Amino acid sequence: MSTVAEKRALICFIAALLKGCNHVAVGASSPIPGTAALLAKEAWDSPRHVNILGSVKNNFLTNGGQELFDCAAQGRIDAFFLGGGQIDGQANINLMGRGEYPSCEPRWPGTFGSAYLYFLIPKVILFREEHSKRVLVDKVDFISAPGTSDENIYRKGGPYGLLTNKAFFRFQKEKARFHLEFIHPSSSLEDILDNTGFEFDYKANTLITADPDPELLKLLDNKVSSKVKEVYPQFSHSIFKRD
Amino acid sequence: MSTVAEKRALICFIAALLKGCNHVAVGASSPIPGTAALLAKEAWDSPRHVNILGSVKNNFLTNGGQELFDCAAQGRIDAFFLGGGQIDGQANINLMGRGEYPSCEPRWPGTFGSAYLYFLIPKVILFREEHSKRVLVDKVDFISAPGTSDENIYRKGGPYGLLTNKAFFRFQKEKARFHLEFIHPSSSLEDILDNTGFEFDYKANTLITADPDPELLKLLDNKVSSKVKEVYPQFSHSIFKRD
Amino acid sequence: MTISVQELVNLIPYGTKLAIPADYAGVAMEATRALIRKGVRNLHIVGVPTSGLQSELLIGAGCVSIFESSALTLGEYNPAYRFSDAVKNKSIDLVDATCPAIHAGLQASQKGIPYMPLRGILGSDLLKHHPNWKIIQNPFSQGDDPIVAIPAIQPDISLFHAPLGDKQGNVWVGRRRELVTMAQASKTTLVTVENIVDTNLLDDEKTAAGVIPSLYIGGVSVCPKGSWPLDFWQGDTEDTEHLNLYKQKSRTKEGFQDYLNEFVFSREHS
Amino acid sequence: MTISVQELVNLIPYGTKLAIPADYAGVAMEATRALIRKGVRNLHIVGVPTSGLQSELLIGAGCVSIFESSALTLGEYNPAYRFSDAVKNKSIDLVDATCPAIHAGLQASQKGIPYMPLRGILGSDLLKHHPNWKIIQNPFSQGDDPIVAIPAIQPDISLFHAPLGDKQGNVWVGRRRELVTMAQASKTTLVTVENIVDTNLLDDEKTAAGVIPSLYIGGVSVCPKGSWPLDFWQGDTEDTEHLNLYKQKSRTKEGFQDYLNEFVFSREHS
């Protein structure tokens with residue numbers, strides 16, 4: 001499976017996860033989730049509202065940088081994406097850096113809004129293409145945002161699942177543990193066990209991720225590509241032929 | 001002294017009180033203070049900023065109804081005017097109603113922003129034309145906003161003085177008591193003592209309010225009248241001849 | 001995607017906690033008349049931060065059980081006889097506040113926080129009577145530093161009149177940003193507009209700056225002169241003659257009923 | 001009433017607590033170069049809510065002692081080598097936050113309140129290291145309900161680049177309303193603008209909705225393309241070639257010094 005095909009498959013996979021949402025917000029430098037959200041809107045008019053942060057044209061927020069966070073706190077954002085330099089088996093994420101804070105090495109940009117949005121958006125999809133023991137660790141070095149919270153903590157949202165270029169894990173809130181749900185065709189259970197730094201639940205007969213629906217791919221090429229080009233010009237160049 | 005001349009004298013008196021301010025805010029239905037602020041700006045460019053609330057043209061606030069209060073809390077409003085159905089000798093004001101709350105009779109509109117602005121704007125000028133024992137009482141029936149606060153209370157502002165159609169009292173914060181400073185030419189000490197429901201400090205030889213500066217009156221007629229007409233059309237009709 | 005004023009007010013059930021703006025910010029008077037015709041009851045009005053003729057009519061017509069605001073004022077046409085009567089007869093419950101506390105309560109709801117601390121107020125009798133406010137200690141102060149905690153106010157619905165809407169459901173409110181706060185603080189927002197434009201209001205950065213996005217809007221109705229007889233900051237000035245007439249009629253219960261019969265019940269503008 | 005960029009940065013003394021916006025909201029890069037030329041030191045940067053090349057340059061040039069923000073990111077041009085170096089060498093103090101907490105701290109200053117409570121954050125290691133945040137109990141909850149109290153952040157100065165100013169000193173920022181919050185939260189605000197218009201920006205209600213009134217503004221400088229080499233939401237897109245060059249040069253201290261010599265110290269645009 002080529003990288004282009006893989007990316008297109010991830011887009012379709014994410015799009016399906018967003019079905020049923022009313023409002024999906026996506027970070028500016030998240031072309032795969034962003035494209036997926038635009039595709040889902042085109043395919044099912046669900047999400048009805050897609051907000052690409054940092055973009056002028058595809059961002060309908062008008063109340064300044066604070067609005068995204070207020071909107072999440074109001075319960076008006078249904079799904080969002082977070083990544084992380086490290087993600088551990090309890091869905092804790094680390095965007096701060098490796099090693100002991102504050103002298104991280106490397107130091108990554110910082111926590112952004114993760115320490116907040118992870119608590120307030122019902123469906124947070126952890127998305128990180130690289131599937132390795134370097135990224136998927138047993139314990140993150142710094143908790144930018146915790147995957148779970150005690151009962152007394154006000155928490156309306158949290159991790160829904162973790163998508164990589166090898167697999168999709170569903171997060172089990174009660175157990176605070178991932179469950180392997182789909183293995184992408186390019187990978188295998190052994191490959192995943194070898195490259196995952198945390199323990200997770202799985203069945204021997206874990207399903208292989210289905211190939212993307214050809215109709216959805218057609219829609220992506222015919223209807224969504226022009227919008228993607230506006231928002232993510234370089235990325236669009238890499239996944240659409242007729243550029 | 002005619003009512004028109006009296007009002008024009010009050011305007012000039014207030015204008016002089018506003019000299020040295022940077023930003024004066026005035027309520028929409030306060031034509032005398034509003035005209036005074038516009039006159040002071042014209043005469044001395046001080047206040048530099050005059051904000052007539054409720055007006056579209058003469059209101060430079062752009063952040064909604066909350067901005068006036070935020071602006072006061074930021075220390076960016078130097079002077080403001082408050083009135084009251086009752087004002088007492090400790091400068092407590094009552095905008096709620098006579099009698100026992102909640103069944104006031106009459107019930108007045110309500111407290112508006114007074115319970116906040118009185119604490120945060122350094123120079124609050126109490127202005128009420130009617131000088132009677134009905135208005136100037138010993139104890140207000142309802143404290144919409146207190147004239148003074150204990151030491152531990154965060155308070156950056158408060159009453160500067162009380163202006164009526166008979167006199168001007170300066171408020172003495174330490175003593176929580178008014179001091180009669182000027183008696184308007186149309187009144188007398190006896191008249192004031194007869195018509196004030198609270199005790200106050202005074203000297204036997206209290207000064208008579210000086211007649212308004214003819215230059216200032218000229219400016220009012222020639223330069224300020226057109227602006228006043230925009231903001232307070234009916235009032236402007238009553239105080240300017242050439243209407 | 002617009003609906004009639006009748007359909008709009010049908011979205012406001014009995015017992016709604018309804019936020020409405022002050023007279024200067026765009027009052028949906030035509031929708032208010034439709035609401036009275038519909039016979040809504042038990043409204044909890046939140047006047048942001050004050051209210052005027054709109055609440056006076058709703059109270060007089062018996063639609064209101066709680067009035068929460070910083071003032072009810074008809075400006076030059078005070079006193080508000082129906083409001084005064086209701087206060088005297090205790091036929092409505094009062095939640096008397098001060099303007100910045102109404103704003104702060106809405107902003108707390110907008111931010112999804114339980115309360116916002118606010119300076120001032122201490123020593124005001126408002127504090128004795130308000131059912132929800134609390135005095136707390138400023139956690140960042142070493143010494144005694146009391147401050148008032150204003151709990152979030154989350155209206156079910158905000159209702160107002162705005163100059164423009166577009167076909168995507170966006171609404172332009174310009175610098176009346178308390179309407180933005182109200183919309184974000186409320187579960188949903190219903191709007192009457194003077195006019196619907198053909199373009200998307202978000203496409204031009206000049207208009208975008210004053211837009212409430214469709215995400216927050218639950219219904220829009222086209223209703224030219226929808227704030228009559230009040231003035232509208234982007235439209236007509238107030239109908240002085242009518243307001244004087246109202247003042248006269250509303251002195252008595254019977255006169256007020258005549259007024260309703262003539263100007264509310266017998267007229268269906270949409 | 002405008003002043004030169006040089007005069008503008010002369011209003012920023014050593015030790016200033018300086019609020020600056022994220023890369024997408026209008027960064028005063030030309031003023032930043034002037035600030036480095038002037039040799040300012042000990043800045044306490046508040047990146048609202050994140051920062052990018054502007055802070056990277058100021059940190060690399062030794063102008064910064066405290067960096068308070070939610071991230072320092074060069075986007076596609078990450079990593080920020082000078083920032084990383086400063087973190088490794090502990091040559092700057094970090095106050096790492098999360099975006100809504102930066103906004104909330106500024107909003108608390110804007111409202112003149114000591115703090116704002118904020119949901120989330122609990123369980124994040126940010127809380128262990130932040131010097132100012134406190135966990136308090138929600139006073140309106142019966143049960144155990146911890147919430148983070150974010151103290152007010154009051155910058156001495158906010159500095160940014162905006163599309164338009166007028167002769168009255170008003171500045172148009174459109175829907176970049178975090179700039180409004182910054183301006184109101186700060187003691188004063190300095191702005192570079194693309195252009196000064198002849199009309200008063202408040203006269204037209206369309207533009208008025210996006211204006212920061214002159215009351216909050218301490219100095220305006222006309223500086224076309226003032227955000228180069230970053231993109232500007234109402235102007236040029238980023239200078240990709242230059243940013244790639246920066247990335248190369250900034251890998252080493254020496255390369256960075258070369259970059260400063262060539263693009264900062266040898267150039268005076270105003």
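Source: prediction; values computed, not measured. A, B, ... follow the sequence lines: proteins, then strands. Residue 1 opens every chain.
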request  = Against chain B, label D:L215 side chain, backbone, both or neither, depending on which of its atoms sit under 4.5 Å from a heavy atom there.
outcome  =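 Both parts, heavy atoms under 4.5 Å.
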key: Contacting region of D:S186 [heavy-atom separation from chain B under 4.5 Å]   =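 Contact with chain B is through the backbone of D:S186 alone.
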[atom1]/[X] to [atom2]/[Y] distance, rounded to the nearest 0.5 angstrom?
X: B:T62; Y: D:W172; atom1: OG1; atom2: CH2; answer: 12.5 Å
X: D:K111; Y: B:C71; atom1: NZ; atom2: SG; answer: 11.5 Å
X: B:Q74; Y: D:Q154; atom1: CD; atom2: CD; answer: 8.5 Å
X: B:D70; Y: D:I113; atom1: CG; atom2: CD1; answer: 9.0 Å

From CA spacing to verdict: side chain to side chain contact (heavy atoms under 4.5 Å, CB included), B:E67, D:V180 = CA-CA 11 Å; B:E67 186 172 5; D:V180 176; over 6 Å; no
ask   = Taking all non-hydrogen atoms of both residues, which atom of D:G112 and which atom of B:A73 are closest, and how far apart?
value =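 That closest heavy-atom pairing would be CA-CB, 3.9 Å.
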query = Side chain of B:R76, backbone of D:Q184: donor and acceptor closer than 3.5 Å?
reply =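 Looks like yes, one N/O pair under 3.5 Å.
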[atom1]/[X]: more than 12 non-hydrogen atoms of other groups inside 6.0 Å:
X: D:K38; atom1: NZ; result: yes
X: B:E174; atom1: CD; result: yes
X: D:R41; atom1: CZ; result: yes
X: D:K17; atom1: NZ; result: yes

task = Give, as side chain, backbone, both or neither, the part of B:N22 having an atom under 4.5 angstrom from any heavy atom of chain D.
result =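 Contact with chain D: side chain only.
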